[in-house]
Amino acid sequence: MGHGADVIAELLVDHREVDALFEQFDDAAPGSADRKRLIDALTIELVRHAVAEEQHLYPAVREHLEDGDALADKEIADHGRVERLLKDLEGREPDDADFDRLVRELRTEVLAHVDDEENHLFEQLRTGVHPYVLESLGKKVREAKKTAPTRPHPAAPSTPPANKLLAPGLGLVDRARDYVTGRGQ
């Protein structure tokens, strides 16, 4: 957290952290506890990132960019696919038959989403949104990640105001579960 000044810098650092976790996953022995630990870390990062984007970035996309509603809806749909894969992985062990296949599907979805954001959406934000707004969004995203859930909740709302109301409560419950189980530590 606290990676960069504006929302684009903040989210780019998140993307690189996700890339690094996927690389570490590749280096871990198939079926190992390290792979489960890395998927847990990846899940925590992806869920917090997605919640923060849905709370702050996508409403700004709707407000400031031409065709913003369509852009935001597409990004939220991407998140939905990723979250369903994360939920499926949550109940699996690294030696389960479908574990590696699900991770490959997850990586494909995440990389396509990251590529779209970095090569299209972020360019539009940089040219279409005042730098002050981008800096303000960066701060809001950093703050949102502090209280965001750490586990997938595919049925939870993905748009304001409901997501802003529910996410901190879900986040509190998730962090308590993580503490008790040692997940993410």
Side-chain donor/acceptor of Arg48 to backbone N/O of Ala148, under 3.5 Å: no
Nearest non-hydrogen partners of Ala156 and Leu170, listed with the distance: CB-CD1, 4.1 Å
Co-membership, hydrophobic cluster, residues Leu57 and Leu71, 4.5 Å side-chain: yes
Note: Lys87-Glu90 ion pair, threshold 4.0 Å (strictly below): yes
Audit row: His113, Glu75, side-chain hydrogen bond (donor to acceptor under 3.5 Å, both in side chains) steps and yes/no: CA-CA 7 Å; His113 178 74; Glu75 301 299 332; 3.0 Å; yes
Which residues share a ring pair (Phe, Tyr, Trp, His ring centres under 6.0 Å) with Phe122, sequence neighbours left out: His15
Set of ring pair (Phe, Tyr, Trp, His ring centres under 6.0 Å) partners for His56, sequence neighbours left out: none
Sequence-distant partners of Pro160, side-chain contact (heavy atoms from CB on, under 4.5 Å), two or more places apart: Pro59, Asn163, Lys164
side-chain contact (heavy atoms from CB on, under 4.5 Å) partners of Asp69, counting only residues at least two apart: Arg62
side-chain contact (heavy atoms from CB on, under 4.5 Å) partners of Ala28, counting only residues at least two apart: Ser32, Asp34, Arg35, Leu38
Chi angles and distances behind the salt bridge (Lys or Arg N to Asp or Glu O under 4.0 Å) call for Asp6, Arg126: CA-CA 10 Å; Asp6 72 15; Arg126 187 68 71 204; 2.6 Å; yes
Presence of salt bridge, Glu118 and Arg16, under 4.0 angstrom: yes
Atom pairs and distances, donor-acceptor, side-chain atoms in residues 128-137, under 3.5 Å, two or more places apart:
residue: His130; atom: ND1; partner: Tyr132; partner atom: N; Å: 2.9

Partners meeting side-chain hydrogen bond (donor to acceptor under 3.5 Å, both in side chains) with Asp67 (sequence neighbours left out): none
Salt-bridge criterion met for Arg104 and Asp100 (N-O under 4.0 Å): no
Results of side-chain hydrogen bond (donor to acceptor under 3.5 Å, both in side chains) for His64 - residues two or more places apart only: none
Audit row: Lys74, Asp78, salt bridge (Lys or Arg N to Asp or Glu O under 4.0 Å) steps and yes/no: CA-CA 6 Å; Lys74 185 231 179 275; Asp78 290 351; 2.7 Å; yes
Summary of salt bridge (Lys or Arg N to Asp or Glu O under 4.0 Å) pairs that have at least one residue in residues 166-177, sequence neighbours excluded: none
Contacts of Glu66 that satisfy side-chain contact (heavy atoms from CB on, under 4.5 Å) - sequence neighbours left out: none
Side chains of Val103 and Leu85 in contact at under 4.5 Å (non-hydrogen atoms): no
With sequence neighbours excluded, residues passing side-chain hydrogen bond (donor to acceptor under 3.5 Å, both in side chains) with Thr150: Asp178
Residues which pass side-chain hydrogen bond (donor to acceptor under 3.5 Å, both in side chains) with Glu53, listed by chain and number, not counting sequence neighbours: His49, Tyr58, His79
Pairwise side-chain contact, Leu86 with Leu46, heavy-atom cut-off 4.5 Å (strictly under): yes
Pair Glu143 + Lys146, salt bridge at N-O below 4.0 Å: yes
Close side-chain approach of Leu125 to Val61, heavy-atom, < 4.5 Å: yes
